[in-house]
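Contents: one structure, followed by commentary.
Remember, it's 1-based here, ligands and their atoms both numbered in the order they're listed. Index from 1, following the sequence.
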Amino acid sequence: MNPGQTQGHDLMTARDSDRSATGSIKGRLMVISGPSGTGKSTVVKRLADDPRVSPYVSISATTRTPRPGETHGVEYFFLSREEFEKLRTEGNLLESAEVHGNAYGTPSKPVMDQINQGGLVILEIDVQGAAQVKERMPEAVFVFIHAPDIATLEARLRGRGTDSESVIQKRLENARQEIAEAHWYDYQIINEFLDQTVNELVAHWTDLISQGA
Ligand code: 5GP
């Protein structure tokens, strides 16, 4: 999909029609944050393949350079700064933030289309972006994923082997700042055992859907 296709979408109109289409947004949108190295991407991948929830996982736009093996339109839409700013200023991003020196944002149209069709949506975004979504859609479910401890976090960041020492240090500092925001999330989960984390999230989600239906 070309991110330019999100043009002309009006968030407020979509929210109003969402309410008439589904009754409530509760249980339709799950926002997942957590520092790099907590394993949140793996958790999200597992949820994406889980038939109990079958969510649509939003593909973000970013100005970051692709890592080896990443493909435009799969992990991210990799955009130039100009392309990203165009999307943002034209109102086509549900939220956006600068993370680790790059811009990231959620294209609104695919997310709102899914919600309007009664689908479940996951956003994997940083705490700044999550705070913007909470302003606009307070009924979304906010989940913060922790590593078992900071040493595990650091080991996971180093183990990835894709980032330089300065990038790792930047990410660790960023992790501390993100953890300081965890208190306002609806759920905080320590991702020690992947299966357990996924099952907990599915259970929360199932509860919310039954309440919101
Ligand atoms: P990475 O570059 O390692 O894939 O992601 C870096 C950080 O950016 C992660 O914390 C990730 O959750 C966050 N991120 C990814 N997409 C978005 C987005 O669309 N909006 C915001 N605010 N953060 C994002």
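- Among Val44, Leu123, Leu201, the one residue that satisfies the side chain to side chain contact (heavy atoms under 4.5 Å, CB included) test with Met30 is Leu201.
- Residue Asp126 holds the heavy atom nearest to atom 23 (N) of ligand 1 of all those in Val167, Asp126, Ile145, Ile32.
- Glu85 and Arg88 are joined by a salt bridge, as a carboxylate oxygen and a charged side-chain nitrogen come within less than 4.0 angstrom of each other.
- Listed by number with element, the atoms of ligand 1 under 4.0 angstrom from any heavy atom of Arg67 are 1 (P), 2 (O), 3 (O), 4 (O).
- Listed by atom number, the atoms of ligand 1 under 4.0 Å from Ala97 heavy atoms are 22 (N).
- A donor-acceptor contact closer than 3.5 angstrom is absent between the side chains of Ser33 and Glu178.
- For Tyr76, a nitrogen or oxygen atom sits less than 3.5 Å from a nitrogen or oxygen atom of ligand 1, counting backbone and side chain alike.
- Between Arg64 and ligand 1, at least one N/O pair is under 3.5 Å apart.
- Look at Lys86 and Glu82 and you find no salt bridge, because none of the NZ, NE, NH1 or NH2 atoms lies under 4.0 Å from a carboxylate O.
- Interatomic distance, His146 NE2 to Leu153 CG, rounded to the nearest 0.5 Å: 11.0 Å.
- Ligand 1 has Arg171 within reach: a non-hydrogen atom of the residue lies less than 4.0 Å from it.
- Listed by number with element, the atoms of ligand 1 under 4.0 Å from a non-hydrogen atom of Val99 are 7 (C), 8 (O).
- Under the 3.5 Å distance criterion, with hydrogens and angles disregarded, no donor-acceptor pair is assigned to the side chains of Gln177 and Glu181.
- Heavy atoms of Gln128 come nearer than 4.0 angstrom to ligand 1 in no pair at all.
- We find that Glu192 and Arg156 are not joined by a salt bridge, their nearest charged nitrogen and carboxylate oxygen being 4.0 Å or further apart.
- Ligand-side atoms of ligand 1 in range of Glu124: 12 (O), 14 (N), 15 (C), 16 (N), 17 (C), range being under 4.0 angstrom from any heavy atom.
- No hydrogens or angles considered: a donor-acceptor pair under 3.5 Å links the side chains of Asn191 and Thr197.
- Heavy atoms of Lys40 come nearer than 4.0 angstrom to ligand 1 in at least one pair.
- Those atoms of ligand 1 with a heavy atom of Gly129 less than 4.0 angstrom away are 22 (N).
- The residues Arg64 and Glu75 are annotated as not salt-bridged, no charged nitrogen and carboxylate oxygen being separated by less than 4.0 angstrom.
- At a heavy-atom cutoff of 4.0 Å, ligand 1 is contacted by no atom of Glu70, backbone or side chain.
- Proximity of Thr106 to ligand 1, defined as any heavy-atom pair under 4.0 Å, is shared by backbone and side chain alike.
- For the ligand labelled ligand 1, residue Gln132 lies outside the 4.0 Å heavy-atom shell.
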